[in-house]
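This one's a predicted model, so the numbers in the text were calculated from it and none came from an experiment. Letters A, B, ... mirror the listed sequences (proteins, then strands); counts begin at 1.
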Amino acid sequence: MEMNKKKIIKDDGRYLIYYTFEEKVKEEKPKQRRDE
Amino acid sequence: MSELRWDPIRKDWVITATHRQNRTFKPPKDYCPLCPSKEGGFPTEVPAADYDLVVFENKFPSLRKNPPQPDVAGSELYPVAEAQGICEVVLFTSKHNGIMSQEPLSRFHKLVKVWRDRYKELGEKDFIDYVYIFENKGEEVGVTLEHPHGQIYAYPFVPPLIQRELDASREHFEKEGQCLFCRVLQEEKADGRRIILSNDSFTAFIPFYARYTYEVHIYANKHLASFNDFTEKEERDLAAILKAVIMKYDHLFNFVFPYIMAIHQQATNGRGEEYSHFHIEFYPPYRTKDKLKYLAGSEAGAGTFINGSLPEDKAKELRNTPPEGCDFNE
């Protein structure tokens, strides 16, 4: 799982961080077709 | 007003933070400051219609990046210092009534990733010596906002309880060449009666010397000093055992079980990698389904806990409470 973060500064000067996540896509080897 | 006042008798700092008396106290659901901001609604802490996980600087911090000068003058006996540090709030979910034990494993994994990030970022600041990650859960432990959240206090010193643990482990290391926490885990595994469950990377148990009836500790199986040493697998394994322990707690008496959760690890002042050991401690206030443990005369006034139960019996009770393991196959 990959994490990304975005930091903003609010009107009163305090920071806030939004965390978002992406599932890592597994690279699959192409399956060999039976008729090949 | 906020400052550190030195207690020369107990030899530790006390934080005065008078502004915290005015913090938001049990607001109605529609005015929860930790929910996303609704269009046309009142502005909450999070200016977005939804979020996954969020961290923000506490509005009522005990410690600040740029603290005011102490309000009182210190003396040789009574030193005072600026209350410098950082206090953050971690929002576990955007759902106001979210129950963590019912959340998927992925939410726990995300939370572990966020905790790791905060430990690293805050720990790199030169004025921070210790990043303390914790959760107060339930009205019984004094929670003022019911929305699922935790907190982080980044202290300019190592807090005394943690320093005491680290000193004990350092002494053991110097004498025996082994981290004391590794030794405790060996002892618990060899005995086995207080083990609740485990996976490849972590073990949950009620320690031999538990102070609270259902006091569960989660130790890293190998010597990991802090979040900085974790692999992706160890992140996932911590998420899984955390979820399992919290599910057991909630199944125990069929209500959302309150607790204080404390994460202890290496100080960020760069010392003690060989004798600091990542672990989590839970202090639940319930000693039976309907009776609370109070810190009374012996505990509060003398520092000696009285535990009215046997850790061996309570570990068995938790072991027999679902789920059996922490393999969630999600």
Side-chain angles (χ1 to χ4, degrees), chain A, chain B residues 33-34 36-37 43-61 64-66 86-94 104-118 120-122 125 149-150 152 154 227 230-236 238-240 330:
Chain A
M1 193 188 294
E2 274 180 13
M3 183 176 77
N4 298 299
K5 58 179 184 176
K6 185 181 158 197
K7 196 173 199 170
I8 63 162
I9 304 296
K10 305 209 293 179
D11 292 344
D12 60 6
R14 288 180 295 140
Y15 60 76
L16 179 144
I17 308 166
Y18 292 105
Y19 286 91
T20 53
F21 302 85
E22 288 169 52
E23 282 295 337
K24 281 179 197 163
V25 181
K26 283 181 189 167
E27 279 186 28
E28 286 183 25
K29 286 180 186 169
K31 284 178 187 163
Q32 204 159 15
R33 286 173 55 167
R34 282 183 180 211
D35 54 353
E36 277 179 1
Chain B
L34 308 184
S37 292
T44 72
E45 287 281 8
V46 189
D50 200 7
Y51 61 82
D52 200 347
L53 272 87
V54 157
V55 169
F56 63 87
E57 277 186 286
N58 198 317
K59 191 174 182 180
F60 301 96
R64 300 165 196 263
K65 265 180 305 187
N66 301 305
I86 297 174
C87 293
E88 293 185 340
V89 177
V90 182
L91 304 183
F92 297 168
T93 167
S94 64
L105 180 59
S106 59
R107 181 146 303 278
F108 286 84
H109 191 186
K110 290 173 183 179
L111 182 56
V112 171
K113 279 188 173 294
V114 169
W115 282 339
R116 285 190 70 191
D117 180 68
R118 301 322 299 148
K120 186 168 189 303
E121 186 178 321
L122 295 172
K125 297 187 187 302
H149 71 286
I152 301 174
F227 271 134
F230 274 43
T231 62
E232 177 94 8
K233 172 164 171 56
E234 284 154 354
E235 276 181 4
R236 278 199 307 274
L238 180 62
E330 285 178 25

K.L.:
Which bit of B:Val89 is near chain A, if near means a heavy-atom gap under 4.5 Å: side chain, backbone, both or neither?
P.N.:
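No part of B:Val89 comes within 4.5 Å of chain A.
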K.L.:
Looking at residues at least two apart in the chain, or sitting in another chain, which of them share a ring pair (Phe, Tyr, Trp, His ring centres under 6.0 Å) with B:Phe227?
P.N.:
B:Phe230, B:Phe278
K.L.:
Taking atom types as modelled, which donor-acceptor pairs link chain A and chain B at under 3.5 angstrom?
P.N.:
| residue | atom | partner | partner atom | Å |
| --- | --- | --- | --- | --- |
| A:Met1 | N | B:Glu232 | OE2 | 3.1 |
| A:Met1 | O | B:Lys113 | NZ | 3.1 |
| A:Lys5 | NZ | B:Asp117 | OD1 | 3.1 |
| A:Lys5 | NZ | B:Asp117 | OD2 | 2.9 |
| A:Lys5 | NZ | B:Glu121 | OE1 | 2.7 |
| A:Lys7 | NZ | B:Glu121 | OE2 | 3.3 |
| A:Lys10 | NZ | B:Glu45 | O | 2.6 |
| A:Lys10 | NZ | B:Glu45 | OE1 | 2.5 |
| A:Arg14 | NH1 | B:Glu45 | OE1 | 3.2 |
| A:Arg14 | NH1 | B:Glu45 | OE2 | 3.4 |
| A:Arg14 | NH1 | B:Glu57 | O | 2.7 |
| A:Arg14 | NH2 | B:Glu45 | OE1 | 3.0 |
| A:Arg14 | NH2 | B:Glu45 | OE2 | 3.4 |
| A:Tyr15 | N | B:Glu57 | OE1 | 2.9 |
| A:Tyr15 | O | B:Glu57 | N | 3.2 |
| A:Tyr15 | OH | B:Glu88 | OE2 | 2.4 |
| A:Ile17 | N | B:Val55 | O | 2.7 |
| A:Ile17 | O | B:Val55 | N | 3.0 |
| A:Tyr19 | N | B:Leu53 | O | 2.9 |
| A:Tyr19 | OH | B:Asp117 | OD2 | 2.5 |
| A:Tyr19 | OH | B:Arg118 | NH1 | 3.2 |

K.L.:
For the residue pair B:Leu91 and B:Leu34, what are the closest heavy atoms and their distance?
P.N.:
CD1-O, 3.6 Å
K.L.:
Give the minimum heavy-atom separation between B:Leu111 and B:Leu53, together with the two atoms involved.
P.N.:
CA-CD2, 3.8 Å
